[in-house]
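Being a predicted model, the structure only gives us computed values, none of them experimental. Proteins come first, then strands; the chains are lettered A, B, ... in the order of their sequence lines, and each starts at number 1.
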Protein chains: 4
Amino acid sequence: MSGYLNKVQLIGNLGTDPEIRRTQDGRPIANMRIATSESWRDKNTGEKKTKTEWHTVVVFSEGLCKVVEQYVNKGDKIFIEGQLATRKWQDQSGQDRWSTEIVLQGFDAKLIMLPSSSGSGYRAGGDGAGDYGYDDDRASGRSSSSSSSGSTRGQSSSSGGSFSRDLDDDIPF
Amino acid sequence: MSGYLNKVQLIGNLGTDPEIRRTQDGRPIANMRIATSESWRDKNTGEKKTKTEWHTVVVFSEGLCKVVEQYVNKGDKIFIEGQLATRKWQDQSGQDRWSTEIVLQGFDAKLIMLPSSSGSGYRAGGDGAGDYGYDDDRASGRSSSSSSSGSTRGQSSSSGGSFSRDLDDDIPF
Amino acid sequence: MSGYLNKVQLIGNLGTDPEIRRTQDGRPIANMRIATSESWRDKNTGEKKTKTEWHTVVVFSEGLCKVVEQYVNKGDKIFIEGQLATRKWQDQSGQDRWSTEIVLQGFDAKLIMLPSSSGSGYRAGGDGAGDYGYDDDRASGRSSSSSSSGSTRGQSSSSGGSFSRDLDDDIPF
Amino acid sequence: MSGYLNKVQLIGNLGTDPEIRRTQDGRPIANMRIATSESWRDKNTGEKKTKTEWHTVVVFSEGLCKVVEQYVNKGDKIFIEGQLATRKWQDQSGQDRWSTEIVLQGFDAKLIMLPSSSGSGYRAGGDGAGDYGYDDDRASGRSSSSSSSGSTRGQSSSSGGSFSRDLDDDIPF
DNA sequence: TTTT
DNA sequence: TTTT
C-alpha cells in the first residue's frame with residue numbers, strides 16, 4: 001500500500017517445460033524454473049568460472065498463464081518481471097520450510113518472450129505470439145472468465161512477444 | 001504489445017511544485033520536473049564534481065494525478081517508474097522540435113513518495129497517503145471526466161506512500 | 001557472462017539493525033532483514049488487507065558494508081538493488097536446506113538511503129553519508145583485508161545517500 | 001552524489017547499424033537507434049493500434065563499444081540498461097536545442113544481446129559473443145587501452161551475450 | 001528549479 | 001522484526 005517496492009527481473013532460460021496446474025475453482029497456475037548464469041575470470045588463477053542460479057517462477061496471472069501454456073517451452077529464453085514472495089510449507093516430517101519464489105501476478109507482472117537462438121523451434125507464422133489476439137479486456141476490467149485453453153501446447157514459437165499483467169486476478173500479492 | 005520493454009526509474013527531487021492541467025474532457029495531467037544528481041571525484045585533479053540531470057515527468061494516470069495533486073510538492077523526493085516517450089511539437093517559428101518525457105500512464109506507472117528529509121512538511125495523521133482511497137476510472141473503462149479536487153494542495157505530507165497503476169478495485173497495489 | 005539478467009530491487013524498511021560479521025580474512029559481510037508491504041481492499045468483503053514480505057539481504061560489497069555499518073539502522077527505509085542467490089546449507093539434522101537471499105556484490109549492487117520519516121534519527125551534520133569517502137579494494141583487485149571500522153554504529157543519520165558498486169577511484173557513483 | 005536513481009531499461013530492435021565514432025584521443029563512442037513498440041486495442045472502436053517509440057542510445061563505455069562494434073547490427077534485439085541524459089546543442093541557426101539520450105557508461109551500463117529471431121544472421125561458432133574473451137581487466141582496474149578493433153564488423157552473431165560496464169571509463173556519467 |  |  002505504501003512506500004514499498006518489491007521487484008525482480010530475470011532474463012534466463014527455462015530448464016524444463018512449464019508446469020500448469022489448476023486451483024479447485026479452475027484458475028491456472030504456471031510454474032517455471034529459470035536459469036541465469038554468470039561467468040568471470042578468476043582474479044588470481046585466471047581460470048574461467050561459471051555459476052548458474054536457478055529461480056522458481058510462479059504465474060498466478062491468468063492471462064500470463066495462458067501465454068505460458070501456449071508459447072513457453074523448455075529452453076526458451078524469456079524476460080520476466082515479478083515480485084519476491086517467501087512461502088512457508090511443511091515437509092514430510094512436519095517441519096517448517098520456506099521457499100522463495102518469483103510471483104507473476106497483478107499489474108507488476110510482465111513476461112516477454114525472447115526469440116530462442118536454438119532456432120529449433122517452430123516459427124509461428126501468422127499465429128505467432130505477436131498475434132495472439134489477447135483481446136485486452138484486462139484493461140477494461142471485464143472479467144471474461146473465458147476458460148482458457150486445455151492443454152494444447154504449441155511448439156516453441158520463437159517469435160517473441162510481450163505479455164503483461166491482467167486485471168482478473170483476485171489473489172493478493 | 002510484443003517483445004518490448006520501455007522502462008524508466010527515477011529517485012529524485014522535485015525542482016518545483018507539480019503543475020496540474022486538465023484536458024478538455026476534464027482529465028487531469030500532472031507535470032513534474034525531477035532532479036537526479038551524481039558526484040564523483042576527478043581521477044586526475046582529485047576535484048569533486050557534481051552533475052544534475054533534470055527530467056520531465058508527465059502523469060496521465062488519473063489516480064496518480066490525484067496523488068500528485070494532493071501529496072507531492074517542490075523539494076519532495078519520489079520514486080517513479082514510467083516509460084520514455086518523445087513528442088514532436090512546433091516552436092513559435094513553426095520549426096519541429098522534440099521533447100523526451102517520462103510518461104506515467106497505465107499499469108506500468110508507479111509513484112512512491114519518499115519521506116522528505118527536510119521534515120518541514122506537515123505530517124498528515126489519519127488522512128495519510130495510505131488512506132487516500134482514490135478510485136480511478138481508467139482501468140475500468142469508465143470515462144467519468146469527473147470531479148476530482150480543484151486546487152487544494154495539501155502541505156507536504158512527508159508521509160511516504162506508494163501509488164501505482166490505475167485501479168478502482170481491490171487489486172493490491 | 002552471457003545473455004542473462006538477475007536483478008532485484010527493493011524499497012523497504014529494516015526490521016532490525018544490520019548484522020556485520022567478518023570472514024576469516026577480514027572482509028565484512030552485512031546482513032539485513034528488509035520488509036516490503038502491500039495493502040489492498042478485498043474485492044468481495046471490502047475488507048482492507050495487508051501482507052508484509054521479509055527479505056534477507058546479504059552485502060558482500062566491502063564499500064557498501066561500511067556504509068551499512070555506519071549509516072543504516074533498524075527502521076530505516078532503503079532502496080537496494082542486487083541479485084537473487086539461493087544457497088544450500090545443512091540444518092542440525094544434516095538435512096539439506098535452501099535459502100534465497102538478495103546479494104549485494106560487485107557492480108550491480110546499489111544502496112540508496114531514504115530519509116526516515118520517523119525523524120527520530122540523529123541527523124549527521126558535516127559527516128553525512130555523502131562524505132563518507134570510503135575506498136573499496138574490491139574493484140581494484142587489492143585484497144587489503146584491512147581496517148574498517150570496528151563497531152561504531154552511528155545513530156540513524158536519516159540523511160539519505162547513495163552508495164553503489166565497489167570503487168575506489170573517481171568513477172562517479 | 002547521494003540518494004538518486006536514474007535508470008532506463010529497454011528491450012528493442014536496432015533500426016540501423018550502430019554508428020561508431022571516435023573522440024580525438026581515440027576513445028570509441030557508439031550510437032544506436034532502438035525501437036520499442038506497444039499495441040493495444042482501442043477501447044471504443046475496437047481497432048488495433050500500434051505506437052513505436054525510437055530511442056537514441058549512446059555508448060561511452062569502451063568495453064561495450066567493442067561489443068557493439070563487433071556483434072550488434074541493424075535489426076538485432078537487445079536489452080540495454082543505462083541512464084537518461086539531456087544534452088544541449090546549437091542548431092544551424094544557433095538556437096539552443098536539447099536532446100535526451102540513454103547513456104551507457106560506467107557501472108550501471110548493461111547490454112544483453114538477444115538472439116535475433118530473423119535467424120538471417122551468421123551464427124558464430126567458437127567466437128560467438130559468449131566467448132568474446134573480454135578478459136576482465138575491467139574489474140581489476142587495469143587500464144589496458146588495447147586499441148580495440150578498427151572497423152571489422154561481424155555479421156549478426158545471433159548468439160546472445162551479456163556485456164556490462166567497464167572500469168576504464170573516465171568520462172563522468 | 002531540487003537535493004546533499 | 002520494519003513501516004504506514
Side-chain angles (χ1 to χ4, degrees), chain A residues 1-6 86, chain B residues 10-19 31-39 48 50-57 71-78 112-120 123-132 156-163, chain C residues 10-19 31-39 48 50-57 71-78 112-120 123-132 156-163 173, chain D residues 1-6:
Chain A
M1 142 278 301
S2 165
Y4 299 102
L5 180 72
N6 175 357
T86 298
Chain B
L10 301 179
I11 292 178
N13 297 90
L14 278 82
T16 64
D17 275 332
E19 291 175 14
N31 272 265
M32 298 186 282
R33 289 283 288 170
I34 295 183
T36 58
S37 291
E38 289 186 278
S39 297
K48 196 176 179 183
T50 298
K51 185 167 186 297
T52 295
E53 199 67 45
W54 286 98
H55 311 271
T56 298
V57 175
Y71 301 111
V72 179
N73 295 282
K74 174 179 174 176
D76 286 354
K77 176 163 283 189
I78 62 175
I112 298 178
M113 297 183 63
L114 302 171
S116 164
S117 61
S118 69
S120 65
R123 172 63 180 77
D127 65 311
D131 300 303
Y132 60 100
S156 176
S157 80
S158 294
S159 61
S162 166
F163 309 98
Chain C
L10 301 178
I11 292 177
N13 298 88
L14 278 83
T16 64
D17 275 333
E19 291 175 15
N31 272 265
M32 297 185 282
R33 289 283 287 171
I34 295 184
T36 57
S37 292
E38 289 186 278
S39 297
K48 196 176 178 185
T50 298
K51 185 167 187 295
T52 294
E53 199 67 44
W54 285 98
H55 311 271
T56 297
V57 175
Y71 301 110
V72 179
N73 294 282
K74 172 180 176 175
D76 286 353
K77 175 162 285 189
I78 62 176
I112 297 177
M113 296 183 63
L114 302 172
S116 165
S117 61
S118 68
S120 65
R123 173 64 181 77
D127 66 310
D131 300 303
Y132 60 99
S156 177
S157 79
S158 294
S159 61
S162 168
F163 310 98
F173 62 98
Chain D
M1 148 274 302
S2 165
Y4 299 101
L5 180 72
N6 175 358

| request: Would you kindly give the CG-to-P distance between Leu14(C) and dT2(F), to the nearest whole Å? | output: 11 Å
| request: Confirm from the modelled atom types if Tyr4(D) and dT3(E) form a donor-acceptor pair under 3.5 Å, side chain to base only. | output: yes
| note | One should read off an interatomic distance between Asn31(C) CG and Asp17(C) CG, to the nearest 0.5 angstrom, of 13.0 Å
| task | Would you indicate which nucleotide in dT1(F), dT1(E), dT3(F) comes nearest to any side-chain atom of Arg33(B)? | result | dT1(E)
| remark: Taken to the nearest whole Å, CG/Leu114(B) to P/dT2(E) is 19 Å
| request: Measure from the side-chain heavy atoms of Ser37(B) and tell me the nearest of dT1(E), dT1(F), dT2(E). | output: dT2(E)
| task | Could you tell me the separation between the CH2 atom of Trp54(B) and the P atom of dT1(E), rounded to a whole number of Å? | result | 9 Å
| query | Whole Å only: how far is the CG atom of Asn13(B) from the P atom of dT3(E)? | reply | 6 Å
| Residue among Met32(C), Glu53(C), His55(C) satisfying side-chain contact (heavy atoms from CB on, under 4.5 Å) with Leu10(C) | His55(C)
| request: Could you check how far CG of Asp17(C) sits from C1' of dT1(F), rounded to whole Å? | output: 11 Å
| task | Ignoring hydrogens and angles, answer whether the base of dT2(F) and the side-chain atoms of Thr52(C) contain a donor-acceptor pair closer than 3.5 Å. | result | yes
| request: Carefully, step by step, assess Thr56(B) and Arg33(B) under the rule side chain to side chain contact (heavy atoms under 4.5 Å, CB included). | output: CA-CA 5 Å; Thr56(B) 298; Arg33(B) 289 283 288 170; 2.8 Å; yes
| Could you state the CE-C1' distance from Met32(B) to dT3(E), rounded to the nearest angstrom? | 16 Å
| Starting at CG of Asn31(C) and ending at P of dT1(F), how long is that distance when rounded to a whole Å? | 18 Å
| field | Atom-pair distance (NZ on Lys48(C); P on dT4(F)), nearest Å | value | 13 Å
| field | From Ile112(B) atom CD1 to Lys77(C) atom NZ, the distance as rounded to the nearest 0.5 Å | value | 7.5 Å
